[in-house]
Every structure is written in structure tokens, then in C-alpha cells.
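The structure that follows is given in the form of C-alpha cells.
First listed ligand is number 1; within each ligand, the first listed atom is number 1.
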Amino acid sequence: MAFDTGSVESCRRDFPALERTFRGRPLAYLDGPAGTQVPRQVIEAVAWYYRTCNANTHGAFVTSRESDDLIRAAREAVAAFLGAPSWREISFGANMTTLNFSLSKALARTMGPGDEVVITELDHEANRGPWLALGERGIAVREVALRTDGTLDPEDMRRKINARTRLVALGYASNALGTVNDVPLARALSREVGAWLLVDAVHYAPHFPLDVAALDADFLLCSAYKFYGPHVGVLYARPGLLADLPTDRLRTQEAAAPYRIETGTLNHAAITGVKAAVDYIASWGEGDTLRARVVSAMRGIADYEHSLAASYWDGVAALPGVTALGQGFASPLRAPTVSIAIDGVRPAEAARVLGEEGILVWDGDFYAARAIERLGLAEGGGVLRTGISMYNTREEVGRLLAGVGALLRR
Ligand SMILES: Cc1ncc(COP(=O)(O)O)c(C=O)c1O
């Protein structure tokens, strides 16, 4: 079965949170970029872990062995989700930010004064802060400029990546504007100078099939709570790369990948839920392998979300007094996340009024603070962001459009 418009009704029945009402109306969860709702299959997997084999790892007894197996199975599922060669490339952590800080500390130990790191003005602070901190060690941090159309300037990227560059760290898709960045260009340029490429795929992963091997990334991070799973961060590291990095690590901790960057005890129950989330997504796809089903499902989800987001974009951009930011939806490579500015209405006020009607949308900068500053929107309180997830409907988009229209008429 492939995911399409006809799938949504049945998909919605899998998400218990969608039954919630507020003042007599169903909640419209248009807040997916900050974290999606969770299907019962994931909720049940987490509860099942606690009921059945809650234990620490590497013990000599049954529940511990089962925990080892479950975590391995979750790494295999995530490898299939990302297109990684094997489970050995998949590390888990508290969230993307924490993993990225751990990685930045390790990579910094291999760099020194005169080395450079390239980041972007469009990225979430989780993929800027850890690298900006390297400035303290004499490592120059260069930022690829954001253009007013919401895209990164490719000429500036060419200028900033040079023979001193050791790492290029950029997002795959913007959580504020929905722009899909030219990662192949960043790969080509970083390859030419022998620099690592790190991709923040947190906002891309819920919306498109990912193929980390084709992307040829050295590191790629994402976060399961953005794709219908629990709060767990994921790091992919190219085969052989993590094993040599000087990560923060206890003497007693396993030195091999993928464990080398995993400090302390992981959240086993949540990791069990991550596997369930990948399996859930795959259940909407076709094919003989988990990878084939994931890719097929994500293609269907991408098309569905894109058409819904495009209809919101067309409707909202046509309203006098509304500025829809970033790129339109002519290209299929556009994440289904739309931010707007409304003349005379602060985003926080707009989100509050819509929230009173059970329409859940975010206001602010969503930690893409530099981008919002560069667009001159920080002082006005940022933007109003709507995100489309697989369970959203045309009716919800209609409610939102009516709500924004009413705000303009106040
Ligand atoms: C694009 C992007 N990168 C990174 C992060 C940080 O992820 P985490 O909350 O797992 O640290 C977010 C979270 O919103 C994000 O949207």
C-alpha cells in the first residue's frame, strides 16, 4: 500500500492524540516541525519495553540480552531509514543538539589555529552553536550568506570553502523557511578541498526519503521525535570515521563505532520506539525490504505533504497583508513548512488567537535565529510557522486559512 490522499483517514486513526478536542473542536496539529505526534504502534512499543525487558545492556541474563538485541534492531531500522550501509554507522543520543556538541568537541581536537569551519546563516542554532564555539580555539568559522529569497548564496559558498576548510556543516532543509539546501554542491566543494561534510537532516528526514550513501555525507544527524518517534537523537558517521575520533569517553566505555560517542546509559525504551517509528513509516510503503518500503512510503508522504503545503501557500500568500516567506512550491524539493508575516499582527498574538481555536502553530524563530535576524524579522517577534505532517488534512489547512483571514479583519 502506498501513502496518498486516500491513506490519511486511516493514518489518522493510528494517532491517539488526534482524538483530542479543545472547546468542542479537534486540535489541528500544524506544529510538526517542533515535534510530531506519535502513533499507537510507537506508544505500545515503548510501553512493551518497560513491561517486558527493561534492563541495562551487556548482561548475562535474558532481559539484558533482549535489550541488546532491541537496540541493535533499532540501529538496523534507522540505517534502513537513512540508507546507511549498516547498524554500525548509527549512534544514538539524547537529541541532535547534544550529539552535535559531542561531535564538535571530538572534531575540534583534530583541528587547530589556521583551520576553518563553514556553517550557514540559515541553519538552526544546533548546527551553528557547536561550531561557533570552536572560535575559542583559534579555528575560524565562516558563514554562508542567506539571500532574501530564503536560499543560501551558492557563490558565497564557493568563496567561503577553501583549502583551509576542515568541515562544512549545513542543514538539509530549513526548519524556519522550508528551503532545501544544495547539499550536493556543498559535497562537491568540500570534497575538492578534503573537508568533512556534516548534514543536519532534522527537518528533512520527516518529509523526504533520505539516502545518506548517495549524499556521500561524512556525518548526518536527525531526531526521531520529528518523524513520529520518541525523543532520541541519531548520528550517522561514515564507515570508519567515528572509530578514530577523540570523543569524550569513559575508560570503561566501548571504543568502537557506533558506541564511541554514546556516553552513559541510553534511553532503551525510547530507542525501541524509534524502531517502531521507522516500521510505522515503512508500513505505508511497498517493497521487499525495509529500505524499499521506507523509500516508497516517504515518496508518498512527500507528495501528499507537498500538495497540502502548496495549497496553504497559495491561499495564504494571496491574502492582502500577508507575506509568505522563502521559496514557493514550484519545485518538489521544498519542505512543507510555511512561515508568514502578517501586517500589524505580532506572530505571538497570531499563534495565541489561533491556539484558542485549537489550531496549533508556532511563532518566533524556532532557533533559526540568525536567519530570522538576517531577514529583518527578529524585532517583530519572528514569523508564524505552519508545518504539514502526514496526518494533516485539507480541512485543517482550510481552518487555518480562515483563522489567518479573521486575524487580518480584526
Ligand atoms: C533543523 C533542526 N536542527 C536541529 C534541531 C535540534 O534538534 P534536537 O531538538 O533533537 O536537539 C532542530 C529542532 O527543532 C531542527 O529543527
For D279 and Q41, what are the C-alpha separation, side-chain angles and deciding distance, and is it a side-chain hydrogen bond (donor to acceptor under 3.5 Å, both in side chains)?
CA-CA 9 Å; D279 287 341; Q41 290 85 338; over 6 Å; no

Side-chain touch D156/R147, heavy atoms, less than 4.5 angstrom:
no

Apply ring-ring contact (aromatic ring centres under 6.0 Å, His included) to H268 and list each qualifying residue two or more places apart in sequence or on a separate chain.
none

Show which side-chain atoms of residues 360-367 pair as donor or acceptor with protein atoms under 3.5 Å away, not counting sequence neighbours.
| unit_1 | atom_1 | unit_2 | atom_2 | d |
| --- | --- | --- | --- | --- |
| D365 | OD1 | Y367 | N | 2.8 |

Note every protein N or O atom lying under 3.5 Å from an N or O atom of ligand 1, pairing the names and giving the distance.
| unit_1 | atom_1 | unit_2 | atom_2 | d |
| --- | --- | --- | --- | --- |
| ligand 1 | 3 (N) | D200 | OD1 | 3.4 |
| ligand 1 | 3 (N) | D200 | OD2 | 2.6 |
| ligand 1 | 9 (O) | Y225 | OH | 2.5 |
| ligand 1 | 10 (O) | M96 | N | 2.9 |
| ligand 1 | 10 (O) | S223 | OG | 2.4 |
| ligand 1 | 11 (O) | M96 | N | 3.4 |
| ligand 1 | 11 (O) | T97 | N | 2.9 |
| ligand 1 | 11 (O) | T97 | OG1 | 2.5 |
| ligand 1 | 14 (O) | H124 | NE2 | 3.4 |
| ligand 1 | 14 (O) | K226 | NZ | 2.6 |
| ligand 1 | 16 (O) | N175 | ND2 | 3.4 |

Quick one: list whatever passes ring-ring contact (aromatic ring centres under 6.0 Å, His included) with Y304, sequence neighbours left out.
F3

Scan Y228, Y280, Y391 and name whichever one has a side chain to side chain donor-acceptor pair (under 3.5 Å) with D14.
Y280

